Amino acid sequence: VGTAESDRVLLSEQVGEDSLVFEFATQAESLLVEVEGTRDGEVVAFGRVRVDAAVSEPQTVLIVEPGSVAWFPLLADGVWGGGLVAAGDGVFLLFGGFEGDRNSAAESYRSLGLEGVIDLPEFSEVGELPEYTDESGQARRDRGLLSATRLSVAGEDQGDVLVAGGCPVAPFGESSRGQGASFDVSRLDVENGSWATLDARTALDAATCALMATENAVGDVVLVGGLSESRGVVLLPTAVQTYERTGREVTVASGELGGVVDLATSSLGADGVLACGGWNVTGAYVTQAEATDACFTVSLAGVVEASGPLPRPRAGMAMVSLGDGRVLAAGGAEPDGSGEPVPARDEIWIRDEAGNWSPLGTLAVARTGHGIAALPDGTVLLAGGTQSMVPFAYPEDPLSCVEIVDPTSGNTASLGDCDASDDSAGLVQRSGRPMVAVDPDWGVLIVGGLSGSGVATSGVQLYVPPRDAR
């Protein structure tokens, strides 16, 4: 029993064959209990649970090994193209997405919690997605390739999730190219599970799926890129739009980005949001797409301006803010308009605060369509992806590889051999376009993706960064 803000208790003896039991009393309404297992001063096991003082039943703590990927039970159906967000306190929410081998979109959102679990954590359905009307006038809820953004900046709606766009049919293979895409922007109050949908006057300027959403420093959400289809014609919206939290409406920025898909975005802090690369259709067929090296910034005032270009044209690369004004970009591919497969690239680039790009190093494995996440120690995680790209086509050569990039030196550290043919290097399944979300206390959750046959994968994995013993 302690009165300090933080008490440390050494559990020197094991109780029972495979568990430790710790009983305590407190006057606080809740406690955050962390468990660390150390060996020679190094943390080799970690777990945490938030305990409500009003609950007298035993609480179980999930223990994981830092610096590794923990595999959780597979999803009942594979999923890709959903919106995955970390909602705080070890809870992750998954919105929509295309399921199994049907490429039909889900109508619901799901939750997975890492704190206070009895068995290994699994996703469970929480509620339905908000209703929207497609271009034929049909009311529906099914959506994949939607964006989901947790509003993290202080304000009345802090902690809510903004969901925008999406389409009911995957725009890959021989299917439609975004037919039935949604104009709608909706906000979920996570605490009570209620949706608030913007009316038509304040929704998206164009029905869009596969758009990119990035929260800026003042809490507004910048929406760029994507595509839709109308009467058999593929449309690539050119406007940059911003969800403004104060007025709770979507406004069109001053200036255009150009019609691009598969671009990368990142926050620039006080300088707004950065958008780079992607591809646009250059021929009579949608697969005849060509990558661009263009970069643009979207200021906090909603003004779009050209920025320093990438060293080479790129689509399907991953980009992340390093939190100090710099941005790291890695991988991608360079579609050339031929409609033929092009190999993934392995370059790593750094953008400085002045907007100039420079080479940093190379990845262990060339990849495109991969997940990316900045880690608390300043390094960057890359997961999955594919070894080649054809726009609008399903990937044929996904990867299971997970590697960590040090943005200071450019060195990479792989989990496993990280060979393109290795299935033991991180993810439980080879996955292109995996969904990634970061909980600053727990780590990086990596979910689903696409297999080489166009079937959604079912993997649920948690990467827990190494921790310093305290």
Side-chain angles (χ1 to χ4, degrees), residues 32 34 46-50 61-62 64 66 69-72 75 79-97 108-117 120-127 129 146-155 157-164 186-193 212-217 219 221 265-267 318-323 370-384 402 427 431 433-449 459-465 467:
L32 179 63
E34 293 192 350
F46 167 76
R48 69 200 313 267
V49 61
R50 188 172 301 278
V61 184
L62 174 69
V64 293
V69 175
W71 295 355
F72 296 159
L75 295 164
V79 64
W80 73 277
L84 182 67
V85 300
D89 294 333
V91 175
F92 294 86
L93 299 175
L94 174 58
F95 296 85
S108 62
Y109 68 98
R110 293 171 269 189
S111 173
L112 176 146
L114 299 178
E115 295 189 9
V117 296
L120 284 175
E122 295 185 72
F123 274 103
S124 59
E125 187 170 313
V126 178
L129 291 174
L146 71 170
S147 72
T149 309
R150 183 174 185 262
L151 304 178
S152 63
V153 176
D157 54 3
Q158 183 179 13
D160 290 358
V161 177
L162 189 78
V163 171
S186 301
R187 179 174 51 83
L188 172 68
D189 185 324
V190 175
E191 188 172 341
N192 62 33
M212 300 294 292
T214 307
E215 186 182 36
N216 65 21
V221 179
T265 61
S266 171
S267 171
M319 193 162 72
V320 70
S321 168
L322 298 177
H370 44 288
I372 193 169
L375 302 177
D377 64 357
T379 59
V380 174
L381 175 142
L382 287 87
V402 174
L427 304 183
S431 298
R433 299 182 180 272
M435 296 164 285
V436 172
V438 181
D439 182 299
D441 295 317
W442 269 102
V444 184
L445 192 71
I446 308 161
V447 178
V460 180
Q461 301 95 170
L462 179 74
Y463 173 78
V464 181
R467 309 180 73 87

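Note that the numbering runs from 1 along the sequence shown for the chain. Predicted model only: the values in this text are computed from it and were never measured.
- The nearest pair of heavy atoms linking F95 to A148 is CD1-CB, 3.9 Å.
- Here the straight-line distance linking atom CZ of F72 with atom CD1 of I446 works out to 10.5 Å at 0.5 Å rounding.
- Here E125 contributes atom CD and L94 contributes atom CG; the two are 11.0 Å apart, rounded to the nearest 0.5 Å.
- Here the side chains of V447 and L75 are in contact, with some heavy-atom distance below 4.5 Å.
- Pairing each heavy atom of T214 with each of S267, the nearest pair is CG2-N, 3.8 Å.
- Across every non-hydrogen atom of L129 and G96, the tightest pair is CD1-CA, 3.8 Å.
- In this structure, CG on D189 lies 9.5 Å from CG on D157, to the nearest 0.5 angstrom.
- Rounding to the nearest 0.5 angstrom, the gap separating the CG atom in L112 from the CD atom in E122 is 8.5 Å.
- The shortest heavy-atom contact between A374 and S321 is CB-O, 3.9 Å.
- Atom CH2 of W71 and atom CG of L427 lie 8.5 Å apart (nearest 0.5 Å).
- Counting heavy atoms from C-beta outward, V460 and L445 have side chains that approach closer than 4.5 Å.
- Here the shortest heavy-atom pairing between G371 and P434 reads N-CG, 3.9 Å.
- Between the CG atom of L151 and the CG atom of L162 there is a distance of 6.0 Å, given to the nearest 0.5 Å.
- Here the side chains of V380 and L322 are in contact, with some heavy-atom distance below 4.5 Å.
- Looking only at side-chain heavy atoms (C-beta outward), M319 and I372 stay at 4.5 Å or farther from each other.
- The minimum heavy-atom distance between V64 and A70, with the atom names listed, is CG1-CB, 4.1 Å.
- Of the possible donor and acceptor atoms, one in the side chain of D377 sits under 3.5 Å from a partner among the backbone N and O of T379.
- Looking at M435 and V79, their side chains come closer than 4.5 Å, going by heavy atoms from C-beta outward.
- The shortest side-chain heavy-atom distance between L188 and V163 does not fall under the 4.5 Å cut-off.
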